[in-house]
Amino acid sequence: MPIHLAPVNRRRFLTRAFAAAAGLTLAPRLFAAQKKTDADFWALFSDTHIAADRTRWAHGCNMTDHLTAVTRDLLGLDEVPAGVFVTGDCAYDDGLMEDYGTFSNLLTPLREEGMPVHLTLGNHDNRERFWDALTAEKTAPRPLADRQASLLETPRANWFMLDSLEKTRVTPGLLGPEQLDWLADSLDTRADKPAIIMVHHNPGLLGKVGGLRDTEALFKIIRPRKQVKIVIYGHTHDWHIRQHESGIHLINLPPTAYVFEPEKPSGWVRAELGDDRMRIQLRCVNPKHPLNGETKTLYWRV
Ligand SMILES: [Fe+2]
């Protein structure tokens with residue numbers, strides 16, 4: 001099981017132990033470190049677009065403030081998720097090494113609370129600079145040498161993190177035949193457990209342009225393999241949930257960063273897995289957004 005940005009709770013543990021020994025009043029966040037991890041709870045982030053410069057704004061949004069608001073919301077919950085996924089466009093625009101430094105630092109509070117963070121890349125990332133900046137990502141075992149793809153096998157589901165970055169700052173994406181072959185083979189040897197596909201680019205369905213160029217090849221693989229229940233993606237900065245005619249659910253995550261239409265939400269998605277479903281809740285950066293708290297249960301196709 002690959003652990004990408006691994007939890008860094010040792011320092012938190014030592015801090016808490018020191019504070020207790022010294023009779024100090026513990027800050028709320030230190031109490032939070034004692035919260036229980038919920039093995040069925042997963043946090044889904046996308047399109048963080050973090051620039052090296054934390055004061056940077058784009059499209060009316062300070063991306064650092066937004067990611068900080070999202071992490072604060074997650075840290076304020078009663079339960080700790082089993083993991084956090086970020087489906088690409090981690091960096092602001094063209095994937096500078098310094099962007100990934102700031103990005104990693106902003107995720108540190110989550111890792112200090114014991115959350116592993118799993119990453120894949122989008123068209124505003126740069127794979128080589130991402131690996132140069134995040135050496136844990138570079139050295140983590142991965143199935144494909146030249147892609148940030150991974151498989152996370154958990155009790156209720158197998159999570160496939162696919163890497164659709166074809167070229168930095170070129171809008172469409174591509175999985176490529178090697179990654180698709182790996183996906184098909186991996187699904188075939190894991191037919192008995194629900195599979196969740198995570199990828200940056202939106203499938204090129206419903207007339208949407210600028211998405212995944214090899215959508216047809218992807219669906220040729222996942223459509224007949226009934227263990228595939230959901231495809232989760234970002235890229236469009238446009239939150240919505242749909243269902244493909246095959247019964248596969250399609251979740252377009254909101255960006256944590258900016259939206260292109262002012263009424264759309266920024267935020268993250270809380271996902272809870274059950275035997276036959278995923279329950280999702282939208283959590284907006286703006287708590288007054290009309291969609292904040294929207295909840296839906298997606299039942300597995302059979
Ligand atoms: Fe994006």
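Whatever order the structure lists them in is the order used to number ligands and atoms, beginning at 1. Small disclaimer: the values here were computed from a predicted structure and weren't measured. All residue numbers in this chain count up from 1 along the given sequence.
Under a 3.5 Å cut-off, the side chain of His244 and the backbone N or O of Ser246 do form a donor-acceptor pair.
The aromatic rings of Phe260 and His237 lie parallel to each other, their planes meeting at an angle below 30°, with 60° marking the opposite boundary. Using a 30° and 60° split on the angle between ring planes, His200 and His235 fall in the perpendicular class, above 60°.
One of the N, O or S atoms belonging to His237 lies under 2.8 Å away from the Fe ion (ligand 1). Residue His49 counts as close to the Fe ion (ligand 1), with an N, O or S atom under 2.8 Å.
One finds an angle of 90° at the Fe ion (ligand 1) between OD2 on Asp89 and OD2 on Asp47, to the nearest 10 degrees.
No option in Asp94, Asp47, Asp93, Thr48 other than Asp93 meets the side chain to side chain donor-acceptor pair (under 3.5 Å) test with His124.
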